[in-house]
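Residue numbers start from 1 in every chain, and the chains themselves are labelled A, B, ... in the order their sequence lines are given, proteins ahead of strands. None of the values given here were measured: they were computed from a predicted structure.
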There are 2 protein chains.
Amino acid sequence: MADVGEVLRQLKAAGYKCTGKRQAIVALFVDHPGQTFSAKDVYTYVLSMYPNLSLDTVYRTLELLLQHRIIERLDGADDAARFRLACEEPSHHHHVVCLRCGKSIPIHVCPIEAMREEMDDFDIVDHTVAIYGYCRPCREQNAGQSRPVQPHEGMVTEP
Amino acid sequence: MADVGEVLRQLKAAGYKCTGKRQAIVALFVDHPGQTFSAKDVYTYVLSMYPNLSLDTVYRTLELLLQHRIIERLDGADDAARFRLACEEPSHHHHVVCLRCGKSIPIHVCPIEAMREEMDDFDIVDHTVAIYGYCRPCREQNAGQSRPVQPHEGMVTEP
DNA sequence: TTGTAAATAAGAATGATTACGATTTATAAT
DNA sequence: ATTATAAATCGTAATCATTCTTATTTACAA
């Protein structure tokens with residue numbers, strides 16, 4: 001389980017300064033594992049505790065956290081990228097994303113590996129997989145819900 | 001094999017006018033099956049034969065062709081969407097994309113179907129798969145090539 | 001040939017992201 | 001604790017893909 005202090009210490013050790021805004025951004029991700037946020041989401045969150053904040057700072061901090069593999073970027077069909085706390089699992093894997101609660105759940109089989117052998121005429125060197133649906137808790141609550149989130153609403157892609 | 005006249009006739013039958021610019025755009029896709037183009041690509045191509053052309057016209061025409069399933073949109077990690085002639089295959093399938101020549105090759109197995117049964121706690125309702133690599137001809141030419149296209153360069157996602 | 005709605009051009013507006021110059025601040029050295 | 005310094009930040013402007021607006025042009029049916 002990732003810890004805010006841990007992450008900040010890691011950044012400090014790498015020569016980066018430990019500012020309150022950085023702490024806030026790291027905390028947002030660490031406190032909501034599996035949840036995805038847009039840059040704007042992060043901006044409004046941090047703004048609530050630091051009244052003057054530049055979007056540029058958010059983007060630079062996200063870039064920093066990406067480089068240190070503390071968060072992951074998810075590029076979607078809609079124009080705004082989303083970010084989430086990096087998965088602890090270091091080996092290759094994918095996620096399923098719940099269309100209702102937005103949580104990412106890691107899965108530990110790669111459906112592409114299975115087909116690699118069958119592909120004689122094509123060398124696979126990279127791939128992305130994005131799977132959307134409903135997790136068990138949301139599936140149950142969907143039954144008594146007037147408007148479940150629609151597929152493709154906020155869809156994201158991941159390596 | 002799709003045919004330009006055929007497509008234009010289909011559009012006309014649906015009540016749309018048959019303009020030279022539309023013809024040019026349709027021809028670009030029909031004459032290069034499997035090849036992907038950005039809106040800017042299409043714009044520069046048509047501009048070479050129609051000196052005054054609005055980008056808006058390109059986008060509106062692409063939208064029209066999308067609605068009639070004549071082309072498909074591929075949303076990628078980079079900011080510009082790409083488009084290609086729609087695959088004739090009507091049933092669910094995916095493509096592999098060559099990183100060198102940019103061609104899309106349809107594959108007729110869905111790697112996600114296999115794992116659907118194994119997922120007990122998650123209802124899959126949608127997915128995207130994007131596979132990149134080198135097709136056989138490009139693989140052979142890559143051997144004597146100083147700079148092969150890098151993975152992730154112009155990566156695209158597709159349903 | 002002509003009337004009409006559709007199509008287009010040109011440019012402005014939007015929204016996400018990045019870049020920039022000036023100012024502030026965390027941190028290490030004093 | 002004070003200070004020097006480079007890093008971080010702000011505020012804003014720039015950029016890029018895409019969409020919107022309005023006036024003008026055009027395909028096509030009558």
Side-chain angles (χ1 to χ4, degrees), chain A residues 5 7-26 36-68 71 73-83 154-157, chain B residues 5 7-26 36-68 71 73-83 154-157:
Chain A
V7 171
L8 271 296
R9 235 170 293 128
Q10 177 189 342
L11 288 179
K12 196 166 209 167
Y16 295 96
K17 293 180 180 175
C18 172
T19 74
K21 287 161 188 173
R22 277 181 181 170
Q23 286 186 44
I25 294 177
V26 169
T36 68
F37 302 95
S38 67
K40 188 70 74 65
D41 289 341
V42 176
Y43 177 73
T44 19
Y45 172 77
V46 179
L47 196 66
S48 72
M49 52 185 76
Y50 291 92
N52 62 336
L53 171 68
S54 171
L55 250 179
D56 192 28
T57 299
V58 171
Y59 278 106
R60 265 183 298 98
T61 305
L62 290 175
E63 186 58 37
L64 176 69
L65 298 180
L66 281 172
Q67 280 170 10
H68 288 259
I71 61 173
R73 181 205 304 268
L74 304 134
D75 292 305
D78 42 356
D79 36 13
R82 302 190 72 82
F83 305 84
M155 276 181 45
V156 286
T157 295
Chain B
V7 170
L8 270 296
R9 235 169 293 127
Q10 176 188 344
L11 287 179
K12 197 167 209 167
Y16 295 96
K17 293 180 180 175
C18 172
T19 73
K21 288 161 188 171
R22 277 181 180 170
Q23 286 186 43
I25 294 176
V26 169
T36 68
F37 302 95
S38 67
K40 187 70 73 67
D41 289 341
V42 176
Y43 177 74
T44 16
Y45 171 78
V46 179
L47 196 67
S48 71
M49 52 185 76
Y50 292 92
N52 62 335
L53 172 69
S54 171
L55 248 179
D56 192 32
T57 299
V58 172
Y59 278 106
R60 267 182 297 99
T61 304
L62 291 175
E63 186 58 37
L64 176 69
L65 298 180
L66 281 172
Q67 279 169 10
H68 287 260
I71 61 173
R73 181 204 304 270
L74 305 132
D75 293 305
D78 43 355
D79 36 14
R82 300 190 73 82
F83 305 83
M155 277 182 43
V156 288
T157 296

Asks: Could you go through A:L55 and A:Y59, starting from their C-alpha distance and side-chain angles, then the distance that decides it, and tell me whether this counts as side chain to side chain contact (heavy atoms under 4.5 Å, CB included)?
Replies: CA-CA 6 Å; A:L55 250 179; A:Y59 278 106; 3.8 Å; yes
Asks: Are the side chain of B:R82 and the backbone of B:T36 linked by a donor-acceptor contact shorter than 3.5 Å?
Replies: yes
Asks: Where is the tightest heavy-atom contact between B:A39 and B:V58, given as atom of each residue plus distance?
Replies: O-CG1, 3.7 Å
Asks: Determine yes or no for a side-chain-to-main-chain donor-acceptor pair under 3.5 angstrom, with B:R73 supplying the side chain and B:F83 the backbone.
Replies: no
Asks: Among all residues two or more places apart in sequence or in another chain, which pass the side chain to side chain contact (heavy atoms under 4.5 Å, CB included) test with B:L47?
Replies: B:Y43, B:L53
Asks: Can you pull the contact range of chain A along DNA chain D, 5' to 3', using atoms under 4.0 angstrom from its heavy atoms?
Replies: D:dA6 to D:dG11
Asks: Do any of residues 41-52 of chain A sit with a heavy atom less than 4.0 Å from DNA chain D, and if so which?
Replies: A:N52
Asks: Anything under 3.5 Å between a donor and an acceptor, one on a side chain of residues 7-21 of chain A, the other on a protein residue two or more places apart or in another chain? List them.
Replies:
| unit_1 | atom_1 | unit_2 | atom_2 | d |
| --- | --- | --- | --- | --- |
| A:T19 | OG1 | A:R22 | N | 3.1 |
| A:K21 | NZ | A:N52 | O | 3.2 |

Asks: Summarise protein proximity over nucleotides 24-30 of chain C in one line of letters, 5' to 3': B for base, S for sugar-phosphate only, - for none, counting protein heavy atoms closer than 4.0 Å.
Replies: -BBS---
Asks: Using whole Å, what does the distance between atom P of nucleotide C:dA7 and atom CG of B:L53 come to?
Replies: 15 Å
Asks: List, with names and distances, any nitrogen or oxygen atoms from the protein found under 3.5 Å away from nitrogen or oxygen atoms belonging to nucleotides 18-20 of chain C.
Replies:
| unit_1 | atom_1 | unit_2 | atom_2 | d |
| --- | --- | --- | --- | --- |
| C:dC20 | N4 | A:D56 | OD2 | 2.8 |

Asks: If you compare all heavy atoms of B:A24 against all heavy atoms of B:Y50, which two are closest, and at what distance to 0.1 Å?
Replies: CB-CE1, 4.4 Å
Asks: For the atom pair OG (B:S38) and CG (B:L62), what is the distance rounded to the nearest 0.5 Å?
Replies: 9.5 Å
Asks: Suppose the criterion is salt bridge (Lys or Arg N to Asp or Glu O under 4.0 Å): which pairs have a residue in residues 45-59 of chain A, not counting sequence neighbours?
Replies: A:D56-A:R60
Asks: Dot-bracket for DNA chain D, please. Rules: Watson-Crick or G-U, both distances under 3.5 Å, ( ) within the strand, [ ] when a pair crosses earlier ones, | for another strand, . otherwise.
Replies: ||||||||||||||||||||||||||||||
Asks: So among B:V26, B:I25, B:L66, which one has a side chain to side chain contact (heavy atoms under 4.5 Å, CB included) with B:I71?
Replies: B:L66
